[in-house]
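In what follows, every heavy atom counts, from backbone to side chain, and hydrogens, waters and symmetry copies are set aside. Per chain, numbering begins at 1; letters A, B, ... match sequence-line order.
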Amino acid sequence: MEVDEQRVPEDEQDKDFPQLLPLVTPGERIGHVSAYRAGAGVYERRGHLYASKVGEKLIEQDDSNQLPVVSVETAGLSGSPSVPFTGATVLAQVTRISPRRVDCIILSVEGRPIRDTSNPYKGIIRLQDVRPFEIDQIDMLECFRPTDIVKAKVVSLGDSRSFHLSTAEQDLGVVFAKSTSGHPLVALKWNEMECSKTKEREPRKVAKPSD
Amino acid sequence: MNVSILTPSGPSPLDSSGGISSQQQLVMPGQVIPTHSGYMRGHGTTEENGQLIATVCGLVEQVSALIYVRPLRSRYVGEVGDVIVGRVDEIGNGRWYVEVCSSQRAQLHLAAINLPGSVQRRRTEEDEKEMRRFLAEGDILSTEVQRVQSDGLILLHTRSAKYGKLENGCLVQVPPQLVRRQASHMVNLPCEPPVGVVLGNNGYIWVGLPQRESARDTINYALGEVTYQAVSPPQRQAICRVRNCIAALSAHYLQLTPQSIMDVYSASVRGKLEVSSLTNPEVVRDLIREYIKTKT
Amino acid sequence: MLSQSTLSPAERRFLEDGVRQGFRNDGRGLLDYRPYTVETGILPSTSGSSRVRSFGTDVLCAVKVDMGSPPADKPDEGVVSVNVECSASVAPHGELEGGSSSRATGRVGGGRRDDSGEGWSAYLGALLDDLCLPPCALDKKALCVSPHVYAWHVNVDILLLNAAGGVLDAMSLAMRSALRDTTLPSVSVGSRDEWEEEDTADGVQQSKPPFDVDERPTAGTPFPAQDIPVCVTVGQVCSHYVWDMSSEEESCAEAQVTVAVDRNGRCVAVHKSGMASIDPTGLLQVLKDAGRVGVELIKKLEAAMAKLGTGQPVVRERLGFMAA
Amino acid sequence: MDAATYRPLPPDVPPAPTVSFGAAERSDGRTNEDVRDIEMQTGPISSAVGSAFFQIGKTKALSAVYGPRQSMRQARTSSSGAVNIDLKFAPFAVPSRTSMAERERYLVGMLSEAFESIILVERYAKSVIDITCIVLEDDGGVLSACFNAISLAAAHAGLEMTDIVTATSLYCMEVPSDTSQNVVYLSDLTAAEEACWLSSGQCTEMHVGIATSGSSICFLHGTGSLLNPTCAEQLLGRAEEICRAIGKEMRACLKAAYAASQNAAPAKTTATE
């Protein structure tokens, strides 16, 4: 049954919120499959694209040969809660270290903090996902320590308890850590950090700072 | 629009013979089984002060020296070489967990399948990520028992041309005891138009479009070959009639072989029975009564 | 109505193509029903009982009637309570948390919160009570023996032995035939003055007048069940309407509409469930067809009950309780 | 209930509800088609990811959304998220302190089925979305009030949904007038009207949840003798009108809330770098 023509009147565009992009609410039709590709916050049904959350309608043209992407962006605190998905870059805090894997809780997904911390998403970094080279000589304790904040990429949804994360790229790894004396550590080399107070050196798998 | 409400009717025509041939001995748990010297004790039995006692209710079977009791109704017990049909339940650490109506889920290792284009090489991390592309959760596949571990765990393999994902058809579930080991389990029934049937030893039977002859002979026919085909109405009628015949035979606890299915199929065609009427228990009872007459 | 096995994409495509061609997996047309097998009076210790089977779905219903006091806010009405029990084999989905599983299996009955599946059967009981026993179908005033003092408490217990699609329909059929099989014993209540005199003797405790019950079944009055409706469930599978779905079809159904129809074709209740939304025109068409199917179902049910009524004791003894 | 419990009469005892034809008013001054005035507000509960307050007449419902968060249970086939609705009647919501457990469970069963189809659960794999709804005061029409409160809270929480779905309750009754059997259509009864007509069985009730931008029915539950296609068509037509009006209000409310949160946020930077 084809959903017939648009019922929400067009003139409802937002006269009194001039400075924002046009606001949309779930269910409003924002385009046709032939004109746009669906981005975040958009769903497709029977050939039409509809907004799936409250936010601003954004149309980006990333590369010329493909259709522009329409998405619904929600800035600010009321940003829609995000769930880790395969390929997302996340910030996680290490909770437990064992020889073959590191357990951590996921704090933010793609820059968006997870606001519901009562029952956080858990992630694990397996030995073979820490770095791409010399996998057999890795000593987990030289890469991570509990309470380190790690930037990682979600590899797969894993099993029902935790997501599988990986730090196998240059810009992934420890982004913030505290030394044994309790002071913040500063990154020196890709595998070494230095305590800001006691200048003590500690081994870590450090994320290359994106300066 | 036909609606019918029946009242319970007489006993099923088979209460007397029940599909059990006379010379086989039906034993109850605790019953002593007559033995000959030098016999080997099989499953379903136990030994107490020199006597062989049955532990399950079933038929005494004898294979050379081995004596065992085959239970009338139980979950599927895997044997090496059995052709079975299974449903992928879960995918994890390099293997598919396949539901085969047995005490535990069977396992199909990544190494035990033909890769696309049937290239022969070591399985890499990449293949493990691609597993869902070959067989996803819920998919139905025909496979063979490669090994049965001591704890009953069944290991499967599909390293031959005729096994793989099943498409264009539906699944019927019957008690595993009704599908014995027989010459061919993957058969194209000679009804008009032909219907492909895969008789799983574990009681899962796939009824669908006939398997393509050509692809089955080559050794390296990979999983990906099976695709969706539109089913024409006459083909669909034949498939549904075969499906109902299998359900009829299973309802009256009769052995399922390509021959028995074809007999019931032709009986229902001779009797000009509508496919939908085969859902009516009374019509099914008369059909089976007639089928038994022709058999004995 | 309830199916755990999630179908594979291949089975789903085959089934949906069949529905588009109007020819289902077991050969039925979209409107065809699988035959029900109905028995009544199978539990002698109850006031009324029935058993309904249809190709895998097996429902047992028993009605027990006892004397109690009418509810405070409705002093001139009796009480009818419906209670559904599931055997363990039927409700294994209970441990699947939240509603996610019902998305896959497209079941009627809303989300299940707790682990043991009670939530689902309790919800089913409430749904059946709401759909099949609204005031316009059952006049509860007829259940009152004497206002403020005595009224019948009718307990309808439904046991789901096996579920293979169309559970709500089978339950409503079982409930209607059990209530039709029920007879209310004839009761004579002590006269008013006996009541007064006993009251002062006990002080505040307000006792009830004595009543005596005539146990002979022939003396009782039949339960007023002729207007109780029967549920008819329709599933929307790839925008076609499919009646009396098997469990496979239910797991492919995007939405389900259950209509309760009484014996002269009047739609007495309607309930939509399932994942997708339906359009109003489709709903009105379903209401029309449901009227026709419901009347046919009830007429056939009455005929079967009449036939059962005559040969009742003979048939049951010879076949045994759980006969095929 | 042997001893009659003493229950103080509510101060303003509304006069017994009367049924009227055409333009004549109902006991509280509304015509048959009028819906009680509606008030809604987003974000009353700051700790929740999203929350909403919905009031129609005197019936008040407060809903809050927590999650999506890690699902506790071992749900094997958890390719899609789960919606877990918990509904409670405040102890003071209903005049008599009877236990509302059964009614709560019944309403939860209804609501969760509907919201599993509205919220795009497949975008929240392996997580559960907990939604709580508290009925602060029950003056009739609780089911649709809770439905609207939850719908608004979910939208405010930024959950991905197919549409803004709103619900309303409609009734029709056959009133024998001197000329002919006349069917009267009423919308949105108060508790007194419900008590008087619904329990006696003369009145047919229908609760409808409609997706406001596509006008398809997401939720439907009706009982009563007048559910024949003609009456149903009338009821559905009125329901669509009312639901679309409520939906329009909700969209305006959500946009206002979003704009307010933007103005409050100092630098308006786009969320993702």
Side-chain angles (χ1 to χ4, degrees), chain A residues 1 3-4 6-9 12 14 16-17 19-20 23-29 40-43 45 48 50-56 58 72-86 105-106 110-112 114-122 157-163, chain D residues 43 48-50 65-76 78-79 81 118 120 123-130 154-165 211-216 244 247-248 250-252 254-259 261-265 268-273:
Chain A
M1 273 122 350
V3 178
D4 41 34
Q6 161 85 7
R7 283 296 176 73
V8 180
E12 228 228 280
D14 317 280
D16 37 17
F17 312 114
Q19 82 285 6
L20 293 172
L23 277 180
V24 287
T25 52
E28 281 179 34
R29 187 180 301 176
V42 174
Y43 73 97
R45 186 140 305 170
H48 296 283
Y50 297 89
S52 70
K53 58 182 180 182
V54 182
E56 295 156 59
L58 223 62
V72 175
E73 283 311 317
T74 45
L77 195 59
S78 75
S80 71
S82 45
V83 172
F85 51 89
T86 318
I105 55 171
I106 296 176
E110 295 284 337
R112 269 218 186 87
I114 290 189
R115 292 169 44 211
D116 203 309
T117 53
S118 58
N119 184 359
Y121 291 106
K122 296 189 206 37
L157 297 183
D159 52 31
S160 69
R161 274 182 316 285
S162 47
F163 292 86
Chain D
V49 176
V65 174
Y66 301 92
R69 47 191 175 184
Q70 176 95 359
S71 82
M72 302 289 279
R73 299 221 185 86
Q74 180 81 8
R76 257 211 314 262
S78 61
S79 56
I118 296 168
L120 292 165
R123 298 197 173 180
Y124 297 101
K126 285 177 53 169
S127 18
V128 67
I129 298 165
D130 288 317
H156 178 250
L159 294 177
E160 303 216 33
M161 302 158 64
T162 51
D163 202 336
I164 295 277
V165 183
T212 48
S213 78
S215 90
S216 57
R244 185 145 309 110
K248 200 164 176 301
M250 269 198 197
R251 289 179 197 280
L254 284 165
K255 287 181 181 174
Y258 183 78
S261 75
Q262 291 316 299
N263 302 345
K268 200 180 108 25
T269 57
T270 53
T272 49
E273 46 295 11

Closest approach of Ser52(A) to Arg123(D) (non-hydrogen atoms, all atoms of both residues):
OG-NH1, 3.9 Å
What part of Ala51(A) lies closer than 4.5 angstrom to a heavy atom of chain D: side chain, backbone, both or neither?
backbone
Chain D contact via Pro120(A) - side chain, backbone, both or neither, heavy atoms under 4.5 Å:
backbone
Considering all heavy atoms of both residues, which atom of Ser213(D) and which atom of Gly27(A) are nearest to each other, and what is their separation?
OG-O, 2.9 Å
Arg251(D) side chain vs Val24(A) backbone, donor-acceptor pair below 3.5 Å
no
Over all heavy atoms of both residues, which pair between Arg45(A) and Thr162(D) is shortest? Give the atoms and the distance, please.
NH1-CG2, 3.7 Å
Taking Val83(A)'s backbone N and O only, do any of them form a donor-acceptor pair with Tyr124(D)'s side chain (distance below 3.5 Å, no angle check)?
no
For Val42(A), is it the side chain, the backbone, both, or neither that has a heavy atom closer than 4.5 Å to a heavy atom of chain D?
backbone
Name the region of Phe163(A), side chain, backbone, both or neither, that has any atom closer than 4.5 Å to a heavy atom of chain D.
both
Between CG of Asp163(D) and OH of Tyr50(A), what distance do you get to the nearest 0.5 Å?
9.0 Å
Which heavy atom of Tyr258(D) sits nearest a heavy atom of Glu73(A), and at what distance?
OH-O, 3.5 Å
Whether the Tyr121(A) and Ser127(D) side chains hold a donor-acceptor pair (N or O, under 3.5 Å, no angle test) is what I'd like checked.
yes
Given a strict heavy-atom distance threshold of 4.5 Å, which part of Ala154(D) is in contact with chain A: side chain, backbone, both, or neither?
neither
Nearest 0.5 Å, what's the NZ-OG1 distance between Lys248(D) and Thr25(A)?
11.5 Å
